[in-house]
Amino acid sequence: MKITLITVGKIKEKFFTDAIAEYSKRLSRYCKLEIVQVADEKTPDRASEAEERQIREKEGERILAQIREGTYVIALAIEGQMLDSEQLAARIEQLGVSGQSQIAMIIGGSLGLSEAVLKRADYKLSFSKMTFPHQLMRVILLEQIYRSFRIIAGEPYHK
């Protein structure tokens, strides 16, 4: 199975980069992982709703350009469905069993995802009603993907 993380913006903090590298290494025994970073747009202070929508649309175009035909798309969105770790593992396992070999998981920028990206998504996943920094969300998502593969393999994991 190939999992592609499509994210907006670059990671600047070394501690996030180190954590992402660690989970990427751990995941290498379970799946092929690719992390794609698309450029983010500068958001002016006190941006209007129209400016924010335009920024989301530009970032969304960059995201959509990275999604290959036939890929199952999971968008991280506050309004998505919340799952526990076992349910996420079951969803990933079911996708594999049904022949889905490519999954893209999308983390938007600071303003979220465009309507076009949300429409393209096959599934919307929420980790919380709270908002998290998108850099931190990469680490959290990778940890949960790793945990999912451990669950699928019947290996022990910390509860």
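Numbering starts at 1 and runs along the sequence shown.
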Output, in order, the C-alpha distance, side-chain angles, deciding distance and verdict of side-chain contact (heavy atoms from CB on, under 4.5 Å) for Leu142 and Leu33. CA-CA 10 Å; Leu142 285 171; Leu33 177 69; 3.8 Å; yes

Does the salt bridge (Lys or Arg N to Asp or Glu O under 4.0 Å) test come out yes or no for Glu86 and Arg147, once each step is laid out? CA-CA 9 Å; Glu86 287 83 4; Arg147 185 180 296 262; over 6 Å; no

Criterion side-chain contact (heavy atoms from CB on, under 4.5 Å) on Phe15 and Thr17, from CA distance to verdict: CA-CA 5 Å; Phe15 54 90; Thr17 306; over 6 Å; no

With salt bridge (Lys or Arg N to Asp or Glu O under 4.0 Å) as the test, would you mind laying out the steps for Glu22 and Lys25 before giving the verdict? CA-CA 5 Å; Glu22 177 62 26; Lys25 184 178 86 177; 3.7 Å; yes

Yes or no on side-chain contact (heavy atoms from CB on, under 4.5 Å) for Thr4 and Arg68, after CA distance, side-chain angles and deciding distance? CA-CA 10 Å; Thr4 304; Arg68 293 178 188 90; 4.2 Å; yes

Dump the intermediate steps for side-chain contact (heavy atoms from CB on, under 4.5 Å) on Phe149 and Glu155, then the final yes or no. CA-CA 9 Å; Phe149 279 107; Glu155 297 171 353; over 6 Å; no

Working note: Asp122 + Lys124, criterion salt bridge (Lys or Arg N to Asp or Glu O under 4.0 Å); need CA distance, chi angles, decisive distance, verdict. CA-CA 7 Å; Asp122 296 294; Lys124 293 176 194 75; over 6 Å; no

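Hydrophobic clustering, with ILVMFWY side chains joined whenever heavy atoms are under 4.5 angstrom apart, keeps Phe132 apart from Ile78. With hydrophobic clusters built from ILVMFWY side chains whose heavy atoms lie under 4.5 angstrom apart, Tyr72 does not share a cluster with Ile106. Follow the hydrophobic side-chain contacts under 4.5 Å out from Ile3 and you reach Ile152 in the same cluster. The hydrophobic clustering, which links ILVMFWY residues whose side-chain heavy atoms are closer than 4.5 Å, places Ile11 and Leu76 together. A chain of hydrophobic side-chain contacts below 4.5 Å, direct or via other Ile, Leu, Val, Met, Phe, Trp or Tyr residues, connects Leu118 to Val38.
Side-chain contact annotation: Ser126 with Gln81, donor-acceptor N/O pair under 3.5 Å absent.
When all heavy atoms are compared, the tightest approach of Ile35 to Ser24 is CD1-OG, 3.8 Å. Contact record, Ala116 with Leu64: CB-CD1, 3.8 Å, taken as the closest heavy-atom pair. Annotation for Met1 and Gln100: closest pair CE-O, 3.7 Å, computed over non-hydrogen atoms.
You'll find the side chain of Val8 stays beyond 4.5 Å of the side chain of Ile107, heavy atoms only. Under the 4.5 Å side-chain criterion, counting only non-hydrogen atoms from C-beta, Ser110 is not in contact with Asp40. Taking the side chain as every heavy atom from C-beta outward, Glu59 and Ser114 never approach each other to under 4.5 Å. Ile145 places none of its side-chain heavy atoms less than 4.5 Å from the side chain of Tyr30. Looking only at side-chain heavy atoms (C-beta outward), Ile63 and Leu113 come within less than 4.5 Å of each other. Side-chain contact between Val139 and Pro133: absent, with no pair of heavy atoms (C-beta onward) separated by less than 4.5 Å.
Tested against Met105, the residues Leu5, Val73, Ile6 include a single side-chain contact (heavy atoms from CB on, under 4.5 Å) partner, Leu5. Here the rule is side-chain contact (heavy atoms from CB on, under 4.5 Å) with Ser148, and of Ile92, Leu27, Leu83 only Ile92 fits it. No option in Arg138, Gln66, Lys10 other than Arg138 meets the side chain to side chain donor-acceptor pair (under 3.5 Å) test with Gln37.
In Glu79, the CD atom is crowded: over 12 heavy atoms of neighbouring residues, nucleotides or ligands sit closer than 6.0 Å. Residue-environment remark: NZ (Lys2) exceeds the threshold of 12 foreign heavy atoms within 6.0 Å.
Interatomic distance, CE of Met82 versus CD of Gln87, reported as 11.5 Å (0.5 Å rounding). For the atom pair NZ of Lys58 and CZ of Arg62, the computed distance is 7.5 Å after rounding to the nearest 0.5 Å. The distance from the OH atom of Tyr146 to the CD atom of Gln144 is 12.5 Å, given to the nearest 0.5 Å. Once rounded to the nearest 0.5 Å, the distance linking CD of Gln102 with SG of Cys31 reads 12.0 Å. Rounding to the nearest 0.5 Å places CG of Leu125 at 6.5 Å from CD1 of Ile74. To the nearest 0.5 Å, the span separating CD on Gln54 from OG on Ser48 amounts to 8.5 Å.
Glu143 places no side-chain N or O within 3.5 Å of a backbone atom of Ala19 that could act as its donor or acceptor partner. With hydrogens and angles ignored, the 3.5 Å screen pairs no side-chain donor or acceptor of Arg56 with any backbone N or O of Glu115.
With a 6.0 Å cutoff to the six-membered ring centre and a 45° limit on the axis angle, Arg91 counts as a cation-pi contact of Tyr123.
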